[in-house]
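Provided herewith is a single structure, encoded as structure tokens, for subsequent inquiry.
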2 protein chains.
Amino acid sequence: MDTVTRSAKAAFLREDLGPCACQRRIRSTLDVIANKWAVPVLIELVRAEGEPLRFTRLARAIPGITQKELTKQLREMEAAGLVRRKVYPVVPPKVEYTLTELGWSLDPVLDALARWAATYGNVVADNQAQFMARKNADGADPQEPAPPSR
Amino acid sequence: MDTVTRSAKAAFLREDLGPCACQRRIRSTLDVIANKWAVPVLIELVRAEGEPLRFTRLARAIPGITQKELTKQLREMEAAGLVRRKVYPVVPPKVEYTLTELGWSLDPVLDALARWAATYGNVVADNQAQFMARKNADGADPQEPAPPSR
DNA sequence: CGGAATCCAATCCGATACTG
DNA sequence: CAGTATCGGATTGGATTCCG
């Protein structure tokens with residue numbers, strides 16, 4: 001069952017580009033989308049389905065983010081061309097954010113990520129808890145971490 | 001063409017879980033795999049196709065990583081149950097790393113990421129360069145960032 | 001409202017040195 | 001070989017204040 005898992009997929013990763021040729025390309029991409037808040041922001045914009053979102057609306061939709069971090073993240077994504085920033089010269093100020101076409105192209109990645117998180121997120125949390133517990137109560141029988149239950 | 005992009009996909013993200021219910025699950029997942037070196041390490045292990053990799057082999061395969069960071073990353077993934085660490089009590093020491101079944105389940109996510117990076121990575125780089133240039137030479141006509149060329 | 005600026009604490013990260 | 005330990009600089013992140 002696990003041989004199926006490791007044979008059928010990731011065909012792309014196994015294409016022989018040089019051993020770390022794909023690593024370098026991925027590095028710069030990760031510098032954009034692997035930031036702490038990048039994915040949450042992107043997901044909110046995807047969920048908006050093209051409807052422009054204002055700054056405060058975004059901030060409230062993402063629990064735990066501060067205004068500083070949100071600003072920084074949005075600027076970075078604007079620079080990468082993932083997000084369009086539209087400023088209305090009115091008072092009080094009004095700024096709207098939407099995904100660009102390039103931003104929408106991330107959809108499959110975000111979807112895969114969200115699916116994985118929904119399926120295995122709690123398993124990961126359990127494993128981490130057990131790992132901590134095993135460190136404290138040392139010398140206990142070293143168990144295999146819980147395999148996914150499906 | 002862009003309406004196709006934004007209508008056909010991300011069905012999962014639009015399922016109505018509460019507005020940020022999916023955000024919270026994703027947060028903990030991202031804390032594991034959105035770290036600077038997590039994806040590069042995972043990709044190397046996937047590319048090994050189940051063959052155990054030793055520490056130094058892993059380190060050499062990932063350009064720019066230091067041994068300190070690699071150790072930290074491997075420990076974190078071991079705690080999450082993504083990676084199995086096998087220590088041989090011999091001298092000189094020998095430690096082998098392999099993906100667990102849970103680790104293999106990340107395959108679709110990594111594949112999606114690698115594909116996106118290969119397709120749009122250079123577009124992102126170009127956009128960033130243009131964005132920087134536009135900041136320096138200010139007052140120029142504000143252009144739309146380059147849409148993906150395919 | 002949507003930031004920018006400042007201050008300050010925490011933490012990260014690289015380099016180096018040492019060890020079983 | 002596969003780490004651990006330590007140090008100092010760099011980066012990150014929150015809280016607060018001010019501005020157009």
Side-chain angles (χ1 to χ4, degrees), chain A residues 23 27-28 30-41 44-45 48 51-80 83-98 131 135 138 142, chain B residues 23 27-28 30-41 44-45 48 51-79 83-98 128 131-132 134-136 138-139 142:
Chain A
Q23 291 280 15
R27 190 63 271 145
S28 59
L30 285 177
D31 286 339
V32 180
I33 65 167
N35 286 324
K36 193 178 179 191
W37 296 108
V39 171
V41 170
E44 270 321 300
L45 289 168
E51 181 202 1
L53 290 183
R54 298 185 61 174
F55 186 86
T56 13
R57 176 108 179 273
L58 260 178
R60 272 177 314 198
I62 302 171
I65 201 171
T66 63
Q67 153 271 3
K68 186 186 183 179
E69 295 305 300
L70 181 54
T71 300
K72 196 175 48 160
Q73 193 57 61
L74 286 169
R75 282 300 187 291
E76 203 168 322
M77 296 171 114
E78 192 195 354
V83 163
R84 189 177 296 110
R85 179 169 178 263
K86 184 160 194 177
V87 183
Y88 294 86
V90 297
V91 42
K94 179 178 174 182
V95 181
E96 285 180 346
Y97 295 93
T98 51
F131 190 85
K135 271 197 12 175
D138 215 83
Chain B
Q23 291 279 14
R27 189 65 272 147
S28 60
L30 285 176
D31 287 339
V32 180
I33 65 168
N35 286 324
K36 193 179 180 189
W37 297 107
V39 170
V41 171
E44 269 321 300
L45 289 169
E51 180 202 1
L53 289 183
R54 298 185 60 174
F55 186 85
T56 12
R57 175 109 179 273
L58 216 33
R60 271 177 314 197
I62 302 170
I65 200 171
T66 63
Q67 117 283 65
K68 185 186 184 180
E69 295 306 301
L70 180 55
T71 299
K72 196 177 48 164
Q73 193 58 61
L74 286 169
R75 283 301 188 289
E76 203 169 321
M77 295 171 127
E78 191 194 355
V83 162
R84 187 178 298 110
R85 179 171 178 262
K86 184 160 194 176
V87 183
Y88 295 86
V90 298
V91 42
K94 180 177 173 182
V95 181
E96 285 180 346
Y97 294 93
T98 51
Q128 288 170 331
F131 190 85
M132 286 298 291
R134 221 174 303 134
K135 272 196 11 176
N136 299 359
D138 216 83

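For the numbers below, each heavy atom of this structure counts, side chains included, while hydrogens, waters and symmetry mates do not. In the text below, chain A, chain B and the rest are named by the order of the sequence lines, each starting its count at 1.
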Exercise for the section: Please name all residues satisfying salt bridge (Lys or Arg N to Asp or Glu O under 4.0 Å) with Lys94(B), sequence neighbours left out, ordered by chain then number. Expected result: Glu96(B)
Completion exercise
To the nearest angstrom, the CG-P distance between Asp31(B) and dT12(D) comes to 16 Å
Practice task
Kindly write out the residues that satisfy side-chain hydrogen bond (donor to acceptor under 3.5 Å, both in side chains) with Glu78(B), not counting sequence neighbours, or none if the list is empty.
Solution key: none
Handout entry: Those residues that, when tested against Glu69(A), pass salt bridge (Lys or Arg N to Asp or Glu O under 4.0 Å) (two or more places apart)
Key = Lys72(A)
Exercise for the section: Go through the structure and list residues passing side-chain hydrogen bond (donor to acceptor under 3.5 Å, both in side chains) with Arg85(A), not counting sequence neighbours. Expected result: Tyr97(A)
Problem - Difference in axis direction between the ends of the helix from dC1(C)-dG20(D) to dG20(C)-dC1(D), five pairs, 10° - result: 50°
Fill in the blank from the handout: Rounded to whole Å, the CG-C1' distance (Leu70(A) to dT12(D)) equals 16 Å
Handout entry: salt bridge (Lys or Arg N to Asp or Glu O under 4.0 Å) involving Arg57(A) - partner list, sequence neighbours excluded
Key = Glu51(A)
Fill in the blank from the handout: Each nucleotide of nucleotides 2-17 of chain C classed B (base within 4.0 Å of a protein heavy atom), S (only sugar-phosphate) or -, in 5' to 3' order, makes SBB-BB-----BBBBB
Completion exercise
side-chain contact (heavy atoms from CB on, under 4.5 Å) filter on Thr71(B), not counting sequence neighbours, yields Phe55(B), Arg75(B)
Handout entry: For Ala38(A), all residues meeting side-chain contact (heavy atoms from CB on, under 4.5 Å), sequence neighbours excluded
Key = Asn35(A), Gln73(A), Met77(A)
Practice task
Supply the atom-to-atom distance Leu74(B) CG to Leu53(B) CG, rounded to the nearest 0.5 angstrom.
Solution key: 10.0 Å
